[in-house]
Amino acid sequence: MPTRIWHWINALTVIVMLMSGLMILNAHPRLYWGQFGANFDHAWVDFGPRPFPGWATIPSTYNLAAARRWHLAFAWILVAGLILFLLTSLWNRHVQRDLAPTPEQLKPTHIWHDIKAHARLNFPTGDAALKYNILQKFSYVAVIFVLIPLMILTGLTMSPRMDAGWPWLLDLFGGRQSARSIHFLTAAALLLFIIVHLVMVMLAGPINEIRSMITGRFRVPPERSVE
């Protein structure tokens with residue numbers, strides 16, 4: 001139950017942060033490396049003037065101040081949710097039991113087998129469908145323990161107040177503008193994960209998958225007969 005609750009709260013939180021983040025990027029749609037970044041500095045990417053349409057941003061009309069309020073408000077929800085999820089998952093052993101790869105799953109032959117099965121849309125059936133496969137474990141561990149913490153730390157690095165209290169953040173990421181670039185790349189990786197996640201849910205059977213994420217009731221796909 002705690003995992004399902006966190007899943008839906010986190011989904012809403014990340015979507016709001018992505019959309020408000022696009023509005024913030026609309027205010028200065030250029031990314032830099034290092035300490036400094038202004039109109040006349042060299043940018044490693046320039047999206048052009050206000051590249052993101054209103055339907056993709058929060059708010060839908062240009063308003064940097066409102067976008068920042070939305071972004072920061074949901075950032076605290078993201079931080080609190082991650083901390084509670086980690087504490088709960090370590091306590092009930094969800095991380096150790098469900099997310100930690102087994103030695104057998106880490107074998108290159110096993111990983112390659114799962115990659116080929118997913119490419120052919122051969123999803124697990126029977127008892128295997130009740131457990132995360134190695135590709136799911138890799139992606140969930142990357143999101144929970146790498147991407148989301150990286151989003152939080154780079155977001156803190158862009159805050160002058162946090163830089164004053166924790167100057168090591170600037171050293172860690174090589175400057176505020178580097179942190180901003182890493183923040184954007186991490187957000188893009190999270191968006192890619194969400195898209196792939198939704199596609200796999202649709203291909204695996206949306207009714208069964210979504211029902212299990214809401215109620216916890218999952219209909220196990222029957223084993224394929226071998227002829």
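Heavy-atom basis, side chains included; hydrogens, waters and symmetry copies ignored. Count residues from 1 along the sequence.
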### Query
Does Arg50 make a cation-pi contact with Tyr62 (under 6.0 Å, within 45 degrees of the axis)?
yes
Starting from [Y], can I reach [X] by hopping between I/L/V/M/F/W/Y residues whose side chains sit under 4.5 Å apart?
X: Leu12; Y: Phe193; value: yes
X: Met162; Y: Ile77; value: yes
X: Phe145; Y: Ile182; value: yes
X: Leu192; Y: Val199; value: yes
X: Val14; Y: Leu191; value: yes

Distance in Å, [X] [atom1] paired with [Y] [atom2], rounded so as to fall on 0.5 Å steps:
X: Leu169; Y: Ser159; atom1: CG; atom2: OG; answer: 9.5 Å
X: Arg97; Y: Lys131; atom1: CZ; atom2: NZ; answer: 11.0 Å
X: Leu72; Y: Ser20; atom1: CG; atom2: OG; answer: 8.5 Å
X: Thr186; Y: Ile148; atom1: OG1; atom2: CD1; answer: 11.0 Å
X: Trp6; Y: His94; atom1: CH2; atom2: NE2; answer: 8.5 Å
X: Leu135; Y: Asp114; atom1: CG; atom2: CG; answer: 5.0 Å

Partners passing side-chain contact (heavy atoms from CB on, under 4.5 Å) against [X] (at least two apart in sequence or in another chain):
X: Ile111; answer: Ile115, Ile134, Phe138
X: Ala75; answer: Met17
X: Ile15; answer: Met19

Keeping the roles fixed (side chain from [X], backbone from [Y]), state whether a donor-acceptor pair exists under 3.5 Å.
X: Asn26; Y: Phe52; value: yes
X: Lys137; Y: Ala100; value: yes
X: Thr88; Y: Phe85; value: no

### Task
Quick one: list whatever passes salt bridge (Lys or Arg N to Asp or Glu O under 4.0 Å) with Asp163, sequence neighbours left out.
Arg176
Determine all donor-acceptor pairs shorter than 3.5 Å in which one atom belongs to a side chain in residues 63-70; sequence neighbours excluded.
unit_1, atom_1, unit_2, atom_2, d
Asn63, OD1, Ala65, N, 3.4
Asn63, OD1, Ala66, N, 2.9

Within a strict 4.5 Å, meaning less than it, do heavy atoms of the [X] and [Y] side chains meet?
X: Asp98; Y: Tyr140; answer: no
X: Val141; Y: Val95; answer: no
X: Thr157; Y: Leu172; answer: no

### Summary
Only one of Trp44, Trp33, Tyr32 passes side chain to side chain donor-acceptor pair (under 3.5 Å) with Ser181, and that residue is Trp44
### Task
Return each pair, listed once, that meets ring-ring contact (aromatic ring centres under 6.0 Å, His included) where at least one residue sits in residues 161-188; pairs must be two or more places apart or across chains.
Phe47-Phe184, Trp166-Trp168
